[in-house]
Number of protein chains: 2
Amino acid sequence: MSTQTFRRRAGRPPQIDADEIVTAAVALIDAEGLEALTMRRLGTELGVTAMSLYRHLPNRDAVLAAVVSRLVREVAVEVADGMPWPQALHRFAESYRRMLLAHPHAVPLLATHPVDEVDGLALVAPVLERFRGAGVPDEDALTAVQSVGVYVLGHALAQVGTPPGASRDPGPAEVAYYDQWFTVGLDAFVLGLHHRLTP
Amino acid sequence: MSTQTFRRRAGRPPQIDADEIVTAAVALIDAEGLEALTMRRLGTELGVTAMSLYRHLPNRDAVLAAVVSRLVREVAVEVADGMPWPQALHRFAESYRRMLLAHPHAVPLLATHPVDEVDGLALVAPVLERFRGAGVPDEDALTAVQSVGVYVLGHALAQVGTPPGASRDPGPAEVAYYDQWFTVGLDAFVLGLHHRLTP
DNA sequence: ACCTGAACACCGTTCAAGT
DNA sequence: ACCTGAACACCGTTCAAGT
């Protein structure tokens, strides 16, 4: 029979893999929030019992860490070749924020779980390159990027962490308020870094 | 008997009150982290069953909100009368950070639970006053203070959210690294705000 | 008025067992 | 190799009952 040629080494074929688990976890968080992400519920979502998840990921915290990694890799920073670093820093901040606001229920998770160093560096690599082009030492450049990064995350936390009321969606006035605040703060921050790093 | 004169209206005298619960909650978080704060454990710490806590606070989330309020009120911003606002802003950032680093296990809680508006305004009132002294509109001043606030919180999250390893304490090199980063970022941010607000 | 014991409906995780 | 059922040791919270 045809399955002989391409058959797996032994046993049952898997019904799920780690990637599918992470995809389902992100979807569940986006739809119902972090507290809805239980192992039992996640299993149900995949048509499987909770216990089978442990065959693919060691525990719930590993699921959360994998979600963080997936979301960080979702950030696409568009940096043109000759772009001055202050502009590249702006782009980074805006791309990062776009991801965070696209997954408001995951923001507390991003705030709590440190980003994997490899993921983080890959994300900011094109930005660091623009600092290098201006002769700024890598160490200073990294401090600048990380500083803007914590500003963006802190701002997103403030925006999504509205009073206890559930996930009622924002309303244009609220969105405009946070957009304005974000821009004013970011402009000032990048301006100040510019003054300190390229005098 | 003497108890007649000052006796309570009826029933048993309370063994605990809300303030004691919050104090015990903070102590427990500081000592063993957020996940150690269960209603049962908190009761035990106070020599009482978990169920009796519900007589004083409606649920676990109310305990957490009360902890946030308590910690925010612990921040003391020392702002002298004639102090220029950039310096007052520095003081605010340092005081806020001092509180956060004194309660590292509570930082994710502060990041997640929005600060009560009254608590927040009381905290920054002396700082806003310094902006007023320089003729900066309240709206701009509040944006500046909030921007620095989210930077401080974001930075503290990065500092306390070290790789999965438990609460191994920091080591002087790590402390120095974060202190340096914090200062460089803060200086640049305040400088940039200064350029934008008082040209 | 305040505290408790028992109970309910959940969790994450382990482990032996099925296919 | 992968999935499952039953079980363990927990949770937060409710409610009737004690003092």
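Per chain, numbering begins at 1; letters A, B, ... match sequence-line order.
Within the 4.0 Å cut-off from OP1 or OP2 of C/dC3, not a single side-chain nitrogen or oxygen of B/R55 is found. The side chain of B/H56 contributes an N or O atom lying less than 4.0 Å from OP1 or OP2 of C/dC3.
B/R70 has no carboxylate O lying under 4.0 Å from a charged side-chain N of B/D119, or vice versa, which leaves the two without a salt bridge. In this structure, A/R132 pairs ionically with A/D138, as a charged nitrogen and a carboxylate oxygen lie closer than 4.0 Å. Comment: B/D17 does not engage B/R55 in a salt bridge, judged by the lack of any side-chain N to carboxylate O separation of less than 4.0 angstrom. Between B/R41 and B/E45, at least one side-chain N (NZ, or NE/NH1/NH2) sits under 4.0 Å from a carboxylate O, which counts as a salt bridge.
Checking C/dT13, C/dC3, C/dT4 against every side-chain atom of A/M39, the shortest atom distance belongs to C/dT13. Among the nucleotides C/dT4, D/dC3, D/dT13, the one closest to any side-chain atom of B/V48 is C/dT4. In this structure, of C/dC3, D/dC3, D/dT13, it is C/dC3 that holds the atom nearest to the side chain of B/Q15. Set against C/dC3, D/dT4, D/dT14, the side chain of A/M51 has D/dT4 as its closest nucleotide. The side chain of A/P14 lies closest to D/dC2 when the candidates are C/dC3, D/dC2, D/dG12.
The CG atom of A/N59 sits 8 Å away from the P atom of C/dT14 (whole-angstrom rounding). Rounded to whole angstrom, the span from the CZ atom of B/R60 across to the P atom of D/dC11 amounts to 10 Å. Spacing between atom CD of B/E35 and atom C1' of C/dC11 amounts to 15 Å, rounded to whole angstrom units. Atom CD1 of A/I21 is separated from atom P of D/dC2 by 11 Å (rounded to the nearest Å). In this entry the distance linking CG of B/L42 with C1' of D/dT13 reads 15 Å, nearest Å. Residue A/L57 contributes atom CG, which lies 12 Å from atom P of D/dC3 at whole-angstrom precision. Between the C1' atom of D/dC3 and the CZ atom of A/R40 lies a distance of 16 Å, rounded to the nearest Å. Distance, A/L53 CG to C/dC11 C1': 14 Å, rounded to whole Å.
Toward the 5' end of DNA chain C, the nearer of the two residues B/S52 and A/R41, judged by each one's closest nucleotide, is B/S52.
B/Y177 is connected to B/Y151 through a chain of hydrophobic side-chain contacts under 4.5 Å among Ile, Leu, Val, Met, Phe, Trp and Tyr, so both are in one cluster.
Shown here, C/dC10 forms no base pair; nothing in the strands shown gives a Watson-Crick or G-U wobble contact with both key distances under 3.5 Å. The pairing partner recorded for C/dA1 is D/dT19, the criterion being a Watson-Crick or G-U wobble arrangement whose two distances lie under 3.5 angstrom.
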